[in-house]
Peer 1: 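Take this structure, written in structure tokens, and hold onto it; I'll ask about it next.
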Amino acid sequence: MKTAEIKKRWLDFFESKEHEVVPSASLISEDPSLLFTVAGMVPFIPYMTGLIPAPYKRATSVQKCVRTLDIEEVGKTTRHGTFFQMNGNFSFGDYFKREAISYAWEFLTKSVDDGGLGLDKEQLWVTVFQDDEEAIGLWLELSEVPIERIQRRGMADNYWSTGQPGPAGPCSEIYYDRGPAYGIDGGPVADENRYIEIWNLVFMQYERGLGTGKDNFEILAELPSKNIDTGMGLERVAFLMQGVENLYEIDQVRPVLDLAAGLSGKTYGANLDDDVRLRVVADHVRSALMLIGDGVSPGNDGRGYVLRRLLRRTVRAMRLLGVNEPVFGRLFLTSKNAMVDAYPELETEYPRINTTVLAEEEAFLRTLVSGTLVLETAIASTKSAGAKVLDGETTFLLHDTYGFPIDLTVEIAEESCLSVDRDSFTALMSEQRNRAKADAKLKKAGNTDLSVYGEFRMQGVTSFTGYEELESSARVLGLIVDGVPVSSANAGVIVDVILDRTSFYAESGGQSADAGVITGDGFELEVLDVQKPVKGLVSHKAIVRKGEFGVGSQVTTAVDADWRIGAAQAHSATHVVHAALRQALGPTALQSGSYNKPGYMRLDFSWTAALSSETKSEIEEISNLAIRADLAVSASFMSLPDARNWGAVALFGETYDESVRVVQIGGPWSRELCGGTHVSRSSQIGLVSITNESSVGSGSRRLEALVGMEALHSLTQERVLLHKIAEQLKSTPSNASDRLEMLLTEVKEMQRELAAVQFQQLTLQIPQLIASMSTVANYSVIATEVANVPNADALRDLAIKVRDQIGDVPAVVALTAVLDGKPALIVVTNSKAQANGAKAGDLVRMASQILGGGGGGKADIAQGGGTDASKIPQALAAITESLR
RNA sequence: GGGGACUUAGCUCAGUUGGUAGAGCACCUGCUUUGCAAGCAGGGGGUCAGGGGUUCGACCCCCCUAGUCUCCA
């Protein structure tokens, strides 16, 4: 049975049991503390914890998940995959253990013809929490599992909690026996390889307290409303039903593995190391495909970095398999074809996925080339030092700074008969990890507990009136000071204000929060920040400027009109620039993030190279033409599929409700899903001026621009500056650049000429200098001060010239000059003098000390200087004396 | 968010106790040879990313800024 078929049967089965079929949420988790959706229940957590009321009593989903915690284990054991799909059925205060067990048994054992999976009842085993007599009773009553195949396990195995105070409860797991060929008898307790866990039923019935670990906490009370959360690993069931050995061999994964084997000429199953690499490729390619499909682009932090690591590990595995050529094009196409049945949207996203992976592969191959160079010199120097082990520092440097994977280093070192000091590499690695962790911990301290907002969210969502009006009347529902609900607040206090409705826009979608005031009878608050701590709930952080107020007070929320206009201009400008960017660069240039506030906008987008100044001008021009065209801006609500059909650009990393808001500028000219506030016609944006374009990391660029009056002001400033420069150049703004270039060339030429003339002038003194030559011991010595020396280089060249004219006798030339009021000294010797023992370096060192400075050099030439010019005669005398 | 590294001629890169900035390729001139990366000789080309500091003296050491790469969280 195909994986897609199992998925379909799952959803159909639970739909027939009155479950709401919820489409898989994006892999990009809505919870900011999670990088990815790591489990099937993640999208339902707010309903489980009671933060947000559940919109349905029963739900089912097949959720795509990514987990990279045990990325190193992928392929080594066959139990880990970085991407997997989790079938789940959920009850929020509705049915409990009885139905959960009954549904599970029915779905697993019902015949294939009747829509079930038709698994052999004799092969199924069950584990329950040791004290959960209720569950054991229900299994015996509702299923055909005999008591011998029901095993009790402790908290570590069969008790679920989030690791923090909150809901918790026992679970019951269903296992499939693959038969004696896979291990020993005795059920899951004895062997989890032979007995494969396929389904975990979590009975959320208690509230747990503080504690650490899986089994060290207190059970506080029964939950008022009990929940069911189950998870069936789709891949596991698929490989069991397809009669293959593991998840890498199912229909959604195997084609990639086969292609990788074909490309490398390896046979799957022939060699353990190669098998691991083939599985890594098959797994990582699929994960990367799905991540990019959900809008992640490779980057150097967060989700982007996880994706990059998956891609690079794939390249590395292919290289270890002996394939050095680019292969992503074929691997990803194959993976897409294997997955597209289950995820049709991959078809439309594929062009973008393809460009992304090709660019990333190319970039990494480049990195590997430069890393190889460093590695080869390190190997050469290690060998020439006679060592047998490449040290951990070098290996770590290669990894940390040049992105060169450790196992490639090991492989290449082995070819040169060197081993690698892995221990010290690992030590350095964990050192770096601790550094980053310590820092993260420091920064995280500000995180507040969101549960305090939960009780307000239970009263409903905050309705946002800010699209229509700037001022609204509202009622105070709650006040929070330092994370604690209070009933009133007086002047000077900073308080979080929860209202039933508000005209204030909370920061989201890249748009910064509104500024303004909240007023009421006898009191006034200045709004500092507006956030949505919980989906649907707006919290105003404000300082009480005057008076006192409390819960229940009537207020007026008044947004600062100028601020809002500025914010709207900037946000609309962001859409305009995004559309212009895509017109100029094509649809692969996709916004990956944005930020805007009055007067300023910033747009991050996926793109591999710096934009030329022509392209930047083009984007600016398209944007400003759209502004001039006075396009109408409108917003309307529609369903997500409708919006997509309409060609609206959905921004990844945002999760959307069933009804989404589409903002259009000029109809189809720009269509984006967006909840922000906008101007009503594009001309109100005024002006967009791009100020900067830079890299955020490889594969990602950032465009910054000023908007409206800010743009005008910056242009004005630039114009004033340019006019001033032109004036100083005695030129016009249009000719200033040429003029400057000419002047610079001229200056360079003149400097060169001047230096030549000055040196020429200096050489006129050569005859005099030669004449001053005296004989000291058996050296011909010139030791004198030279006048009119322009700089140290000239003095040096003069000394060399003088020496070369002395002829074939041991010669020492010591010249001094005063430069910028400080004495400078040059000593040169010829080879005969050096043979006699004269060393320029020693002479300079000694004489410079007399001058109050230092100096040095080699035997043939040395230079030095000091601070006291009056000591020059003394220093020269000392040189002559020391030669004697 | 925290680290590490890089930026030198048009291109690819060398350059250690801080003491005259180099190579290969490309370019120009001449000779030789008329052929596939030709040879020989000569030559031009440098704000050593930008700014500040330490020093008699900084491509080199320290600080700041910018651009780029990279690892970790």
Peer 1: Among B:G4, B:U20, B:C56, which is the nearest nucleotide to the side chain of A:T867?
Peer 2: B:C56
Peer 1: If the P atom of B:G24 is compared with that of B:C62, how far apart are they to the nearest Å?
Peer 2: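 About 32 Å, rounded to a whole number of Å.
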Peer 1: By nearest nucleotide on RNA chain B, pick out whichever of A:G865 and A:F396 is the more 5' one.
Peer 2: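 On the 5' side of the pair lies A:G865.
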Peer 1: Are side-chain heavy atoms of A:L311 and A:V315 found at a separation under 4.5 Å?
Peer 2: no
Peer 1: Nearest to the side chain of A:R308, which nucleotide is it out of B:G67, B:U70, B:G4?
Peer 2: B:U70
Peer 1: Measuring from the side chain of A:T367 (C-beta onward, heavy atoms only), which nucleotide among B:U20, B:A5, B:U70 has the closest atom?
Peer 2: B:U70
Peer 1: Between CG of A:L769 and CD of A:E785, what distance do you get to the nearest 0.5 Å?
Peer 2: 11.5 Å
Peer 1: What N/O pairs connect the protein and nucleotides 44-51 of chain B at under 3.5 Å? Give each pair on its own line.
Peer 2:
| from | atom 1 | to | atom 2 | distance (Å) |
| --- | --- | --- | --- | --- |
| B:G45 | OP1 | A:R752 | NH1 | 2.6 |
| B:G46 | OP1 | A:K748 | NZ | 3.3 |

Peer 1: Stem finding on RNA chain B, please: runs of three or more consecutive Watson-Crick or G-U wobble pairs, both distances under 3.5 Å, sorted by first number.
Peer 2: B:1-7 with B:66-72, B:10-13 with B:22-25, B:27-31 with B:39-43, B:49-53 with B:61-65
Peer 1: Determine, for A:E620 against A:K616, whether the closest basic-nitrogen to carboxylate-oxygen distance falls under 4.0 angstrom.
Peer 2: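 Judged by the 4.0 Å cut-off on N to carboxylate O distance, A:E620 and A:K616 do not form a salt bridge.
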Peer 1: Over how many whole Å does the gap from A:L398 atom CG to B:C69 atom C1' extend?
Peer 2: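 The distance from CG of A:L398 to C1' of B:C69 comes to 14 Å, rounded to the nearest Å.
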Peer 1: So A:T37 and A:S26, do their side chains get closer than 4.5 Å, heavy atoms only?
Peer 2: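 SC-SC contact between A:S26 and A:T37 ruled out.
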Peer 1: Please check the phosphate of B:G67 (OP1 and OP2 only) for any side-chain N or O of A:R701 closer than 4.0 Å.
Peer 2: no
Peer 1: Hey, are A:D804 and A:K801 close enough for a salt bridge, meaning a charged N less than 4.0 Å from a carboxylate O?
Peer 2: no
Peer 1: Without decimals, in angstroms, what is the distance between A:L611 CG and B:U68 C1'?
Peer 2: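 These atoms are roughly 15 Å apart.
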Peer 1: Do A:L762 and A:D797 have side chains that get closer than 4.5 Å, going by heavy atoms?
Peer 2: no
Peer 1: Can you check whether A:N791's main-chain N or O pairs, donor with acceptor, with A:Q758's side chain at less than 3.5 Å?
Peer 2: no
Peer 1: How close or far is atom P of B:G57 from atom CZ of A:R845, stated in whole angstroms?
Peer 2: 17 Å
Peer 1: What's the closest nucleotide to the side chain of A:I861 if the choices are B:U20, B:G4, B:C71?
Peer 2: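 So the side chain of A:I861 is nearest to B:U20.
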Peer 1: Counting only side-chain N and O atoms of A:R435, is one of them less than 4.0 Å from OP1 or OP2 of B:G3?
Peer 2: no
Peer 1: From NZ of A:K858 over to P of B:G18, roughly how many Å is that when rounded to an integer?
Peer 2: 13 Å
Peer 1: Please pick, from B:U20, B:C71, B:G67, the nucleotide with the shortest atom-to-atom distance to any side-chain atom of A:M429.
Peer 2: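 Between B:U20, B:C71, B:G67, the one nearest the side chain of A:M429 would be B:C71.
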Peer 1: When the distance from CG of A:D400 to C1' of B:C6 is rounded to whole Å, what number comes out?
Peer 2: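 Going from A:D400 (CG) to B:C6 (C1'), I get 14 Å.
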Peer 1: Base, sugar-phosphate or nothing for A:L825? Non-hydrogen atoms, less than 4.0 Å.
Peer 2: nothing
Peer 1: Which is true for A:G864 with a 4.0 Å heavy-atom rule: it touches a base, it touches only sugar-phosphate, or it touches nothing?
Peer 2: base
Peer 1: Starting at atom CE of A:M846, determine the distance to atom P of B:C56, rounded to an integer number of angstrom.
Peer 2: 18 Å
Peer 1: Quick one: does A:S848's side chain have a donor or acceptor within less than 3.5 Å of a partner on A:G853's backbone?
Peer 2: no
Peer 1: For the residue pair A:Q761 and A:N788, confirm or rule out a side-chain donor-acceptor distance under 3.5 Å.
Peer 2: no
Peer 1: Please state the P separation for the pair B:G30 and B:A66 - nearest whole angstrom.
Peer 2: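 Approximately 50 Å lies between the P atom of B:G30 and that of B:A66.
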Peer 1: Hey, what do you get for CD1 (A:I406) to NE2 (A:H399), rounding to the nearest 0.5 Å?
Peer 2: 8.0 Å
Peer 1: With a 4.0 Å cutoff (strictly under), does any side-chain N or O of A:K822 reach OP1 or OP2 of B:U55?
Peer 2: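 Negative; the distance criterion is not met.
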Peer 1: Given atom CD of A:Q849 and atom P of B:C56, what is their separation to the nearest angstrom?
Peer 2: 12 Å
Peer 1: Can you tell me, in whole Å, how much space there is between the C1' of B:U12 and that of B:G18?
Peer 2: 27 Å
Peer 1: Round to a whole Å and report the spacing from CG of A:L307 to P of B:U70.
Peer 2: 13 Å
Peer 1: Quick check on B:G2: is either OP1 or OP2 less than 4.0 Å from any side-chain nitrogen or oxygen of A:R433?
Peer 2: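 Answer no for this pair, as no side-chain N or O of A:R433 is under 4.0 Å from OP1 or OP2.
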Peer 1: Both A:E693 and A:G855 contact RNA chain B. Which one's nearest nucleotide lies toward the 5' end?
Peer 2: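 It is A:G855, whose closest nucleotide lies nearer the 5' terminus.
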Peer 1: Could you give the distance separating B:C64 and B:C13 at their P atoms, to the nearest angstrom?
Peer 2: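 Their P atoms lie roughly 28 Å apart.
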Peer 1: Which pairs would a plain distance check flag for residues 817-831 of chain A, meaning a side-chain donor or acceptor within less than 3.5 Å of a matching protein atom at least two apart in sequence or in another chain?
Peer 2:
| from | atom 1 | to | atom 2 | distance (Å) |
| --- | --- | --- | --- | --- |
| A:T829 | OG1 | A:Q834 | NE2 | 2.9 |
| A:T829 | OG1 | A:A859 | O | 2.9 |
| A:N830 | OD1 | A:A811 | N | 3.0 |
| A:N830 | OD1 | A:K832 | N | 3.4 |
| A:N830 | OD1 | A:A833 | N | 3.0 |
| A:N830 | ND2 | A:V809 | O | 2.7 |

Peer 1: The side chain of A:Q863 lies closest to which of these nucleotides: B:G19, B:U70, B:A5?
Peer 2: B:G19
Peer 1: Look at the side-chain N and O atoms of A:R309 and state whether any lies under 4.0 Å from the OP1 or OP2 oxygen of B:A73.
Peer 2: yes
Peer 1: Starting the side chain at C-beta, find the nucleotide from B:G2, B:U20, B:G4 nearest to A:Q432.
Peer 2: B:G2
Peer 1: Taking atom P in both B:A9 and B:G50, compute the distance separating them and give it to the nearest angstrom.
Peer 2: 11 Å
Peer 1: For A:R803, run the side chain to side chain contact (heavy atoms under 4.5 Å, CB included) check against A:I861, A:V813, A:L815 and tell me which one passes.
Peer 2: A:V813
